[in-house]
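Here the structure comes first, spelled out in structure tokens, and everything after it is commentary.
For clarity, every value in this text was computed on a predicted model and none was experimentally measured.
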Amino acid sequence: MLSDNLKTLLASTEVFSLKSRNFHWNIEGSNFPQYHAFYDALYNESYETVDNIAEYIRVLGAYAPASLTRYAELSVIGDQTKIPRAELMFAESLQDCEKMIELVVAIFDVATAERQQGIANYMAELQDFYGKKSWMIRSILKKDRE
Ligand SMILES: [Fe+2]
């Protein structure tokens, strides 16, 4: 059911945003100012999508989950309780962005099949968003040319 898929997306986005905030606060290294700012944007921009997703769930007549217990049950993004070093934070965020892309692409197909074009359109926007962030993170992780 489309609303169930969106609940998974809502929970996954909450965990993704929270993890971005963890990394924003706790990242360390000589590029700290850029890394800190990158994760600030990742947190804010992903968190902005949470309300839109929740409202689409309501539009479909279901209730939007809003509890940490439900988010932990539903999220496809794993929680991070530790403080990894910078390179590992970026590697983890890249994997998470790829999981988010997989999820929104799958939901796009369900929304299209149910002729929910507005939701499909929003999934396409989210695919772009996570795709751009993946490109940026891959660029951060690339070793300098000699
Ligand atoms: Fe901050």
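- Taking both residues in full, the closest heavy atoms of Val15 and Gly78 are given as CG1-O, 3.8 Å, listed atom of the first, atom of the second, then distance.
- The environment of Leu68 atom CG is sparse: at most 12 non-hydrogen atoms of other residues, nucleotides or ligands sit within 6.0 angstrom.
- Side-chain atoms of Ser17 and Ser46 form a donor-acceptor pair, as typed in the model, at a separation below 3.5 Å.
- In this structure, Ile53 and Tyr56 have side chains that are not in contact, with every pair of non-hydrogen atoms separated by 4.5 Å or more.
- With contacts defined as side-chain heavy-atom distances shorter than 4.5 Å, the pair Glu87/Ile140 does not qualify.
- Rounded to the nearest 0.5 angstrom, Thr13 OG1 and Leu18 CG are separated by 12.5 Å.
- Closest heavy-atom contact between Arg58 and Ala64: CD-N, 4.1 Å.
- Placement of Trp135 and Leu42 within a single hydrophobic cluster is found when ILVMFWY residues are connected by side-chain heavy-atom separations under 4.5 Å, directly or transitively.
- Heavy atoms of other residues, nucleotides or ligands lying less than 6.0 angstrom from CD of Glu28 number 12 at most.
- For the atom pair Ile77 CD1 and Lys19 NZ, the distance stands at 6.5 Å (nearest 0.5 Å).
- The shortest distance between side-chain heavy atoms of Ile27 and Phe32 falls below 4.5 Å.
- Under the 4.5 Å side-chain heavy-atom criterion for Ile, Leu, Val, Met, Phe, Trp and Tyr, Val76 and Phe16 are members of the same hydrophobic cluster.
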* To do: With salt bridge (Lys or Arg N to Asp or Glu O under 4.0 Å) as the test, would you mind laying out the steps for Glu73 and Arg70 before giving the verdict?
  => CA-CA 5 Å; Glu73 284 167 4; Arg70 287 291 285 140; 2.8 Å; yes

Without placing hydrogens or testing angles, list every side-chain donor-acceptor pair under 3.5 Å for residues 2-11, not counting sequence neighbours.
unit_1: Asn5; atom_1: ND2; unit_2: Met1; atom_2: O; d: 3.3
unit_1: Thr8; atom_1: OG1; unit_2: Asp4; atom_2: O; d: 3.3

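- Under the 4.5 Å side-chain heavy-atom criterion for Ile, Leu, Val, Met, Phe, Trp and Tyr, Leu126 and Val59 are members of distinct hydrophobic clusters.
- Taking 4.5 Å as the limit, some side-chain heavy atom of Tyr35 sits within range of a side-chain heavy atom of Phe90.
- To the nearest 0.5 Å, the span separating CG on Leu88 from NZ on Lys82 amounts to 12.0 Å.
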Please tabulate, for the side chains in residues 97-124, all donor-acceptor contacts under 3.5 angstrom to protein atoms that are two or more places apart in sequence or on a different chain.
unit_1: Thr112; atom_1: OG1; unit_2: Phe108; atom_2: O; d: 2.7
unit_1: Tyr122; atom_1: OH; unit_2: Asn52; atom_2: ND2; d: 2.9

* Give the C-alpha distance, both sets of side-chain angles, the deciding distance and a yes or no for side chain to side chain contact (heavy atoms under 4.5 Å, CB included) between Val50 and Tyr47. => CA-CA 5 Å; Val50 161; Tyr47 193 68; 4.1 Å; yes

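- Side-chain contact between Trp25 and Arg21 is present, with at least one heavy-atom pair separated by less than 4.5 Å.
- Expressed to the nearest 0.5 Å, how far CE of Met89 lies from CG of Asn22 amounts to 6.0 Å.
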